[in-house]
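Letters go in sequence order (proteins before strands), and every chain restarts at 1.
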Amino acid sequence: MGRAPCCDKANVKKGPWSPEEDAKLKNYIEKYGTGGNWIALPQKIGTHILSLMQFFITLIGLPNDFRLYVGIKRCGKSCRLRWLNYLRPDIKHGGFSEEEDNIICSLYISIGSRWSVIAAQLPGRTDNDIKNYWNTRLKKKLFGRRKQSQSSRLTGSTEDPRDGNGMDTLSNSCWKY
DNA sequence: AATCACCTCAACCGCCTTTGC
DNA sequence: GGCAAAGGCGGTTGAGGTGAT
């Protein structure tokens, strides 16, 4: 028997966030913070919006569970991820500098794929951003771009940074750190 | 213009750790 | 100390975009 899910999967929305959802989440957190409980946050947002609309609700007689519709139908974990990786005001997106590249690869050599630790050394960068950047660009940049053939994809061959030549290249690229 | 292969990145999943009772 | 809930993290996926043919 597995672990209980953090939320009711059937009643939460998945996929890309809409601008309205972003605005609700951002406005609420900027005003009130997370309250130390991400799981309860979507419901709190609904209650907050509901309180702002109380007059109209009383006027036209909406049901109590109306907050479910005006709030965010998202898992608390999803809200946390969205805030940390995208909505936070101090986030930088894309455009990694040469210096950042070097910091990332030198830390990768010394501690491996501990992205949160690496992100802590790069203000404004998120672990997800760095992980994506490493997997899609830095790795190729350091180990040399190799057009993947159909066969290599099928056999699942990968480039392991800890393998011989790759590590040499990596070390050379990061010599100054 | 159509199709295909590849790239990018936001978001999800599931596991491990931390915290509170 | 044991348990459950929540937080945090790294790995993975898949939709959309872009360039090549």
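- With a 4.5 Å cut-off on side-chain heavy atoms, Ile130(A) and Leu122(A) count as touching.
- Taking atom CD1 of Ile104(A) as the reference point, atom P of dG10(C) lies 13 Å away to the nearest angstrom.
- In this structure, the NZ atom of Lys14(A) is 11 Å from the P atom of dG14(C), given to the nearest Å.
- If you check every strand for non-hydrogen atoms under 4.0 Å, Ser116(A) touches sugar and phosphate atoms only.
- Rounded to whole angstrom, the span from the CG atom of Leu138(A) across to the C1' atom of dC7(B) amounts to 15 Å.
- Judged by the 6.0 Å distance and 45° axis criteria, Arg74(A) is positioned over the aromatic ring of Trp17(A).
- Atom P of nucleotide dA11(B) and atom NZ of Lys13(A) are separated by 10 Å, given to the nearest angstrom.
- Counting distance only, with no hydrogens placed and no angle test, the side-chain atoms of Asn132(A) and the base atoms of dA10(B) include a donor-acceptor pair under 3.5 Å.
- Side-chain proximity of Arg74(A) to dC9(B), dC12(B), dA10(B): nearest is dC12(B).
- Among the nucleotides dG10(C), dC13(B), dG7(C), the one closest to the side chain of Lys77(A) is dG7(C).
- Atom pair Asn135(A):CG and dG14(C):C1' shows a separation of 15 Å (rounding to whole Å applied).
- Distances were taken from every side-chain heavy atom of Lys131(A) (C-beta onward) to each of dC12(B), dG8(C), dG11(C); the shortest belongs to dG11(C).
- Geometrically, Arg125(A) engages Phe96(A) in a cation-pi contact, judged by NZ or CZ lying under 6.0 Å from the ring centre and within 45° of the ring axis.
- The aromatic ring centres of Trp115(A) and Tyr108(A) sit less than 6.0 Å apart.
- Between the side chain of Gln43(A) and the main chain of Ala40(A), no donor-acceptor pair closer than 3.5 Å is present.
- The side chain of Trp38(A) sits closest to dG7(C) out of dC13(B), dG7(C), dA10(B).
- Rounded to an integer number of Å, the gap from Arg82(A) CZ to dC9(B) C1' is 11 Å.
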Working for side chain to side chain contact (heavy atoms under 4.5 Å, CB included), residues Ile104(A) and Leu138(A) = CA-CA 9 Å; Ile104(A) 293 167; Leu138(A) 258 190; 3.6 Å; yes

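- In the set dA10(B), dA6(C), dC13(B), dA10(B) carries the atom at the smallest distance from any side-chain atom of Asp129(A).
- Which of dG11(C), dG8(C), dA11(B) sits closest to the side chain of Trp17(A) comes down to dA11(B).
- With values rounded to the nearest 0.5 angstrom, Ile39(A) atom CD1 is found 5.5 Å from Cys75(A) atom SG.
- A cation-pi arrangement is found for Arg82(A) relative to Tyr86(A), the charged atom lying closer than 6.0 Å to the ring centre and inside a 45° cone about the ring normal.
- The shortest distance between the side-chain N/O atoms of Arg137(A) and the OP1/OP2 oxygens of dC9(B) is below 4.0 Å.
- Across the protein-nucleic acid pair, Arg80(A) atom CZ and dA5(C) atom C1' stand 15 Å apart, rounded to whole Å.
- Comparing atom distances between the Arg114(A) side chain and each of dA11(B), dG10(C), dT12(C) picks out dG10(C) as nearest.
- Atom-to-atom, CG of Leu81(A) to P of dC9(B) comes out at 16 Å; the value is rounded to the nearest Å.
- Note that the two end axes of the helix from dA2(B)-dT21(C) to dC21(B)-dG2(C) enclose an angle of 10°, each drawn from 5 base pairs, rounded to 10 degrees.
- Among the heavy atoms of the strands lying under 4.0 Å from Asn128(A) is at least one base atom, whether or not backbone atoms are also near.
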